[in-house]
Amino acid sequence: MVRILTFVILLLTLAVPAGATVELSLPGKTPTTITEVYLRNEVPFLAIGDVLSALKLSGHWDSVAHVYDIRTARGRAVISPGSHYLRIGDSFTPIDPQPRFIDGRLRVPEEFVTKVLPKALGMTVYYRNLNPPD
């Protein structure tokens, strides 16, 4: 019984966000605070839905194709869990570490938000990690 209880407590601890908080916005707009940030190997991961909402973009999960479609001015951008690339048309941009499901939501690493997405879409993103890893 003690082992089971210890295991359950361990699982609950792993499922809770690490307490990190970030601010994200387009230039000149009021930043959106995102508190549901998970740390995996010292890398902050954010839910792609939260990121897109803060950047006034939209997208949806296609459960049949197992991809996340992002609608942009440059066309359809696609990511998927475990893939090391963002695809826009015939162009592929590396993502490292790759997107993954954490706590039931597709999440992308901080570098995707700060470098990959802005470069691929030709946009500037304001990003501030309020609790950066040491």
Just verifying a value: how many Å separate [X] [atom1] and [Y] [atom2], rounded to the nearest 0.5 Å?
X	Y	atom1	atom2	value
Glu23	Ile34	CD	CD1	10.0 Å
Leu26	Tyr126	CG	OH	12.5 Å
Ile102	Arg40	CD1	CZ	4.5 Å
Ile88	Thr93	CD1	OG1	6.0 Å
Arg76	Ile70	CZ	CD1	10.5 Å
Asp96	Lys115	CG	NZ	11.5 Å

Which heavy atom of [X] sits nearest to which heavy atom of [Y], and what is that distance?
X	Y	value
Gly104	Phe101	C-CD2, 4.0 Å
Thr32	Ser25	N-CB, 4.5 Å
Gln98	Gly82	CG-CA, 3.4 Å
Val22	Asn129	CG1-CA, 3.9 Å
Ala120	Leu86	CB-CD2, 3.5 Å
Pro118	Val125	CG-CG2, 3.6 Å

Parallel, tilted or perpendicular: which fits the ring planes of Tyr68 and Trp61, with parallel below 30° and perpendicular above 60°?
->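 Judged by the thresholds at 30° and 60°, the geometry between Tyr68 and Trp61 is tilted.
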Hey, quick one: are Val78 and Val51 part of the same hydrophobic cluster, counting side-chain heavy atoms closer than 4.5 Å, chains of contacts allowed?
->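 Looking at the clustering, Val51 is in a separate group from Val78.
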Is it true that Tyr38 and Val43 fall in one hydrophobic cluster, defined by side-chain heavy atoms closer than 4.5 Å?
->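 Hydrophobic grouping puts Tyr38 with Val43.
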Is [Y] close to [X] at the side-chain level, that is, under 4.5 Å between some pair of heavy atoms?
X	Y	result
Ser83	Ile95	no
Val108	Leu117	no
Phe112	Ile79	yes

Could you please spell out the steps behind the side chain to side chain contact (heavy atoms under 4.5 Å, CB included) verdict for Met123 and Arg74?
-> CA-CA 11 Å; Met123 61 192 297; Arg74 292 191 171 180; over 6 Å; no
Not counting sequence neighbours, which residues clear side-chain hydrogen bond (donor to acceptor under 3.5 Å, both in side chains) with Tyr85? List them please.
->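 Here no residue qualifies.
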Backbone N or O of Val67 within a donor-acceptor pair of the Asp62 side chain at under 3.5 Å?
->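 Not a single qualifying donor-acceptor pair exists.
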Decide yes or no on side chain to side chain contact (heavy atoms under 4.5 Å, CB included) for Arg105 and Asp50, but give the supporting numbers first.
-> CA-CA 10 Å; Arg105 298 180 74 191; Asp50 295 345; 2.9 Å; yes
Ala73: what forms a side-chain contact (heavy atoms from CB on, under 4.5 Å) with it, not counting sequence neighbours?
->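 Scan of Ala73 (side-chain contact (heavy atoms from CB on, under 4.5 Å), adjacent residues dropped) gives none.
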Going through the checks in order, is the side chain to side chain contact (heavy atoms under 4.5 Å, CB included) test met by Leu121 and Leu57?
-> CA-CA 11 Å; Leu121 302 180; Leu57 296 170; 3.8 Å; yes
